[in-house]
Amino acid sequence: MTLENHEAWPTMTTTVTDKIRDRIERIVTTPSIPAVFLPLVDLLSGPAEEANLDEVVRLVSYDNAIAAQCLRVASSPLFGMVKPPKSIAAAVMTLGLQRVETIVLTSCMGEAFSREKWGIDPVAFWRHSLGCAMVSRKFSEKLAGVDGERAYMAGLLHDLGFLASSMAFPEEFAVAVERACREQIPLHEAEQATMGFTHCETGRALAEKWHLAKDILDVIAHHHAPTQAGSAGSLVALVHLSDELCRVRGLDYGYYERHKVDLISDPAWSILLQDHRDLEGVDLARFTFELDESAAKVGEMVSAIFGPVAA
Ligand SMILES: [Fe+2]
Ligand SMILES: [Fe+2]
């Protein structure tokens with residue numbers, strides 16, 4: 001990878017930026033991202049009616065681990081099948097494209113990062129990521145012109161940096177996680193205090209390495225500081241608020257955070273209002289109730305993929 005092609009990171013010194021990029025480059029090179037990941041993300045992130053089902057089936061079949069995962073989830077009681085699906089095509093039809101998208105992304109990440117090396121609880125991580133994805137999509141329905149699938153993808157990948165940090169800075173990240181749990185503070189604050197940088201920077205380095213789209217990269221890099229986001233400001237603000245909501249409504253990182261959310265006074269809300277005056281009329285109490293319903297669905301989905309979630 002040629003580092004010269006990347007933008008400067010305004011909040012970091014060149015030395016820290018280079019250190020992060022170097023570690024990400026060395027540690028995550030093997031295992032690398034599964035070959036089917038990016039083509040599938042491309043295919044699945046467009047409008048559902050344009051997705052070519054045969055192409056999705058072909059790509060899913062190409063990767064044994066993902067194919068097995070799709071078959072296993074499609075056979076779960078969640079979908080009420082009398083007989084488990086016998087083929088990938090039948091499993092994709094049963095699951096629907098949105099669920100296939102989720103399974104593909106989680107399976108790919110599971111393959112790319114060996115789970116025993118994760119610095120945080122994998123089930124809590126996915127519960128939070130899926131929660132943020134579903135809340136982001138629900139939120140996007142309130143905003144004219146925002147693509148729900150894009151919002152879902154951004155929510156699902158926003159904390160990619162936790163996996164990057166687990167692999168590239170295992171000891172340092174473990175200290176940050178321990179401090180966050182002990183002091184009940186947000187994980188990114190503990191990272192900043194102990195490491196001098198956060199999962200936003202390591203996630204950004206990995207997103208650059210994987211050539212993820214610019215708007216998704218912006219979300220990964222700026223979701224804890226949405227006022228610093230560039231062109232994808234609305235999407236970053238939306239994921240920021242969804243992330244905050246998830247963390248106070250049970251879809252957290254598996255530990256208690258002393259943290260309150262006030263949507264209206266959050267700078268991200270002002271960013272969204274600038275582009276979406278229609279938000280002014282949203283009934284926030286009702287909206288939060290709807291989000292709680294999404295949280296219950298996330299629990300079902302995570303159980304189907306990973307087995308029962310500990311209470
Ligand atoms: Fe985060
Ligand atoms: Fe998060």
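In each ligand, atom 1 is the first atom listed, and ligand 1 is the first ligand listed. Since this is a predicted model, take the numbers as computed values, not measurements.
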Salt bridge (charged side-chain N to carboxylate O under 4.0 Å, His left out) partners for Glu257, two or more places apart: Arg247
In the protein, how many N/O/S atoms are under 2.8 Å from the Fe ion (ligand 1)? 4
Answer yes or no for Tyr253: is there an N/O/S atom below the 2.8 Å cut-off from the Fe ion (ligand 2)? yes
Write down the atom of His224, the atom of Cys200, and the distance for their closest heavy-atom approach. CD2-SG, 3.6 Å
Can you sort out the partners of Arg277 under salt bridge (charged side-chain N to carboxylate O under 4.0 Å, His left out), two or more places apart, ordered by chain and number? Glu280
Which residue pairs pass the side chain to side chain donor-acceptor pair (under 3.5 Å) test with at least one member in residues 162-173, sequence neighbours excluded? Ser165-Thr202
Would a line drawn from the ring center of His223 to the ring center of His188 be shorter than 6.0 Å? no
Under 4.0 Å between a side-chain nitrogen and a carboxylate oxygen: does that hold for Arg258 and Glu183? no
